[in-house]
Amino acid sequence: MISVHNVPGAFSSGTPKYEDFRIVMEEIVRICFPNELIPSPYPYGWPDAGELTAGGAFSLAWRCLDAQFWGVAQRRKRIFLLADFAGPLAPQLLFDVFGETGNCGKEVT
């Protein structure tokens, strides 16, 4: 399992727009599925949270979280991306463990 984090600007950066985050996800997916292509979300953009799964063989999940809701006295949004190369646990770890599937503007308790 790997974990990557980056600033939310990665959701919309690149040429064409939204391309950078698509490339990151595609390269991670290609570790298990070398010929797989991830489509662009154009014209809508990437959501603050989402997941990709391939049955029980692979899973990837991402979520935008703000540090102010995690005990830090500042607003610092980051994208967290988890990939489980051996199973379906990435979405469960990123969403279910924290008890919510909402966006980064909600406090996680």
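All values reported here derive from a predicted model rather than from experimental measurement.
One distance of note links CZ of Phe80 with CG of Leu93; it measures 14.0 Å at 0.5 Å rounding. Taken to the nearest 0.5 Å, the CZ atom of Arg63 stands 6.5 Å off from the CZ atom of Phe95. Atom OG1 in Thr15 sits 7.5 Å away from atom CG in Asp20 (nearest 0.5 Å). Note: Phe21 CZ to Ser13 OG = 10.0 Å, rounded to the nearest 0.5 Å. Rounding to the nearest 0.5 Å gives a distance of 9.5 Å between CD of Glu51 and CG of Leu94. Taking CD of Glu36 as the reference point, atom CZ of Arg30 lies at 8.5 Å (rounded to 0.5 Å).
Closest of all the heavy-atom pairs between Ala90 and Ser59 is N-OG, 3.1 Å. In this structure, Phe11 and Pro47 approach most closely via the heavy-atom pair CZ-O, 3.6 Å.
Under the side chain to side chain donor-acceptor pair (under 3.5 Å) criterion, Glu19 pairs with Arg22, not counting sequence neighbours. Thr53 meets the side chain to side chain donor-acceptor pair (under 3.5 Å) test with no other residue; sequence neighbours excluded. Remark: Gln74 engages Arg76 in a side chain to side chain donor-acceptor pair (under 3.5 Å) (not counting sequence neighbours). Ala54 meets the side chain to side chain contact (heavy atoms under 4.5 Å, CB included) test with Phe33, Phe58; sequence neighbours excluded. For Pro41, the side chain to side chain contact (heavy atoms under 4.5 Å, CB included) criterion is met by Tyr18, Trp46, not counting sequence neighbours.
Counting only heavy atoms from C-beta outward, the side chains of Ile28 and Leu60 approach each other to under 4.5 Å. Trp62 places none of its side-chain heavy atoms less than 4.5 Å from the side chain of Leu82.
Judged by distance alone, the side chain of Asp84 and the main-chain N or O of Leu89 form a donor-acceptor pair under 3.5 Å. No donor-acceptor pair closer than 3.5 Å links the side chain of Glu26 to the backbone N or O of Leu37.
A single hydrophobic cluster is not seen to contain both Ile23 and Ile31; linkage of ILVMFWY side chains at heavy-atom distances under 4.5 Å, directly or through other members, places them apart.
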Applying side-chain contact (heavy atoms from CB on, under 4.5 Å), run through Leu65 and Lys77 and close with a yes or a no.
CA-CA 6 Å; Leu65 297 170; Lys77 293 182 180 180; over 6 Å; no
